[in-house]
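Counting convention: from 1, in listed order, for ligands and their atoms alike. Only a predicted model underlies this, so the values are computations on that prediction, with no experimental measurement involved.
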Amino acid sequence: MASGDEKLISVIPTERQIQFQELEFYAFIHFTVNTFTDKEWGDGNESPDIFNPEKLDAEQWVRNIKAAGMRGLILTCKHHDGFCLWPSKYTDHTVAKSPYKSGNGDVVKEVSKACEKYGIKFGIYLSPWDRNCGLYGSGKAYDDFFINQLTELLINYGEIFSVWFDGACGEGPNGKKQYYDWERYYQKIRELQPNACISVCGPDVRWCGNEAGQTRAAEWSVVPERAKDSEIIAEKSQQEDSEEFRLRRVDARDADLGSREILKGEERLIWYPAEVNTSIRPGWFYHKYEDDKVRPLEELLHIYMNSVGGNATFLLNIPPTREGLLHENDCKRLHEIGEALQTAFANNLMDKAELESNGTGTENIRADNYEAGMSGKSADETFVSVKWPEPICIEYIVIKEDIHFSQRIEKFEVEAKINGVFETVYKGTVVGHKRIVPLDRIATDMIRIRITDSRNEPIISFMGIYGLEEK
Ligand code: FUL
């Protein structure tokens with residue numbers, strides 16, 4: 001092993017990042033005055049009078065996202081228009097001035113309570129860009145205001161798993177631009193919610209680079225430290241609100257953020273795992289004219305398999321209607337996703353298989369936990385073979401590395417015995433937290449996973465093989 005590889009595997013996640021990655025799939029909820037004006041970005045001049053989701057039922061949201069298999073929810077507590085879904089003491093531009101529950105409502109409370117009831121983690125989106133606040137662009141005075149609002153959210157709504165900061169940064173009502181004091185915001189979050197991950201414009205979770213649900217074939221978690229600043233420095237992530245932006249493809253320059261070649265010569269490396277974020281509809285906010293544009297099940301499953309199954313997490317937005325409910329078309333899709341995932345991963349054929357490897361602790365990979373894993377023989381010649389007494393039909397293989405020891409696997413292959421001969425049926429790169437290998441119902445009675453290139457001997461925490469017993 002080259003000394004450079006030692007450096008790469010010394011980069012490991014924090015406990016909060018590990019817990020975050022375990023959530024895998026969680027919901028984004030975009031809801032504000034835009035829901036009532038049919039806009040994607042409000043300008044901050046909307047009257048709170050228009051906000052009245054008469055049938056709001058946060059439990060209906062949470063029940064439906066849970067049915068999809070999601071484990072968390074991030075709510076836009078304040079979007080760029082500055083309207084607060086909670087009765088903030090620091091501005092009048094809030095639910096308290098709206099007709100909703102005659103000014104006695106607190107949507108953040110209702111949603112956080114519903115999450116708690118159903119065992120779903122709760123996260124907050126608080127837009128640093130506030131188009132309503134007169135202090136915006138004034139420097140420290142605005143930062144003080146922002147910290148005060150952040151503090152309200154961090155202390156009054158239970159445990160927060162994610163604080164999601166986006167990079168949109170335009171002019172305020174006075175025409176001035178604000179240069180955010182990010183470090184101060186981060187410190188406050190660490191102080192009040194030490195387990196929360198700070199995402200996108202933050203040090204813990206990286207934006208995947210597009211809002212369309214496109215994924216990279218090899219999504220690395222160990223990347224150059226400067227990747228952390230790309231959203232902040234540019235504050236460019238979004239200068240406009242357009243369909244074109246939302247569908248922007250991954251920039252070719254960003255296609256590889258963490259291969260050995262890319263990391264060579266980089267002084268400072270960090271653990272910075274990717275999150276794929278996209279909406280179930282074309283827009284982030286609800287528009288009635290998009291009721292028939294809920295994305296097809298196949299497309300959403302494809303994103304799931306390539307994000308959750310490609311060493312990233314998947315944040316899927318579902319926007320509530322003006323009534324304050326998730327629309328039935330979206331709910332139908334959420335249930336379909338849940339059912340499809342349950343079916344895909346219901347039958348773990350490892351239970352009936354014999355395992356063999358040239359590493360140690362092979363049997364440990366049957367259990368999906370971090371208690372003990374299997375160590376491979378060496379960086380470039382580890383194998384696991386799996387054999388069944390009767391032929392089976394494989395749809396998916398799931399492989400997880402124990403990321404407490406960084407990500408190590410760079411190349412692997414799956415071979416299946418078909419008509420008595422081993423054939424290579426899949427070639428992959430990154431595994432990391434989780435790789436889902438789709439196999440299109442291969443019929444076989446023996447497979448071999450060969451790890452042909454790693455940053456040191458691979459440490460596999462789990463392997464699952466899903467499909468059907470051949471009849
Ligand atoms: C962007 C925002 O400008 C969009 O409105 C949306 O909230 C998206 C998730 O982040 O930067």
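Contact between Trp41 and ligand 1 is present, with at least one heavy atom of the residue lying under 4.0 Å from the ligand.
Taking the ring centroids of Phe161 and Phe122, they lie at or beyond the 6.0 Å cut-off.
Side-chain N/O atoms of Glu191 and Tyr186 include no donor and acceptor closer than 3.5 Å. Residues Trp86 and Gln149 have side chains that never bring a donor and an acceptor to within less than 3.5 angstrom of each other.
At a threshold of 4.5 Å between non-hydrogen side-chain atoms, the residues Asp57 and Arg63 count as touching.
Of all atoms in ligand 1, numbered sequentially from 1 with element shown, those under 4.0 Å from a heavy atom of Glu211 are 1 (C), 8 (C), 10 (O). Atoms of ligand 1 lying under 4.0 Å from at least one heavy atom of His80, given by number and element, are 2 (C), 3 (O). Distances below 4.0 Å separate heavy atoms of Phe28 from the following atoms of ligand 1: 9 (C).
For Glu54, the CD atom is loosely surrounded, since the number of other residues' heavy atoms within 6.0 Å does not exceed 12.
Of the listed options His30, Lys39, His79, His79 places a heavy atom closest to atom 5 (O) of ligand 1.
Of the N or O atoms in Trp284, none lie within a sub-3.5 Å distance of an N or O in ligand 1.
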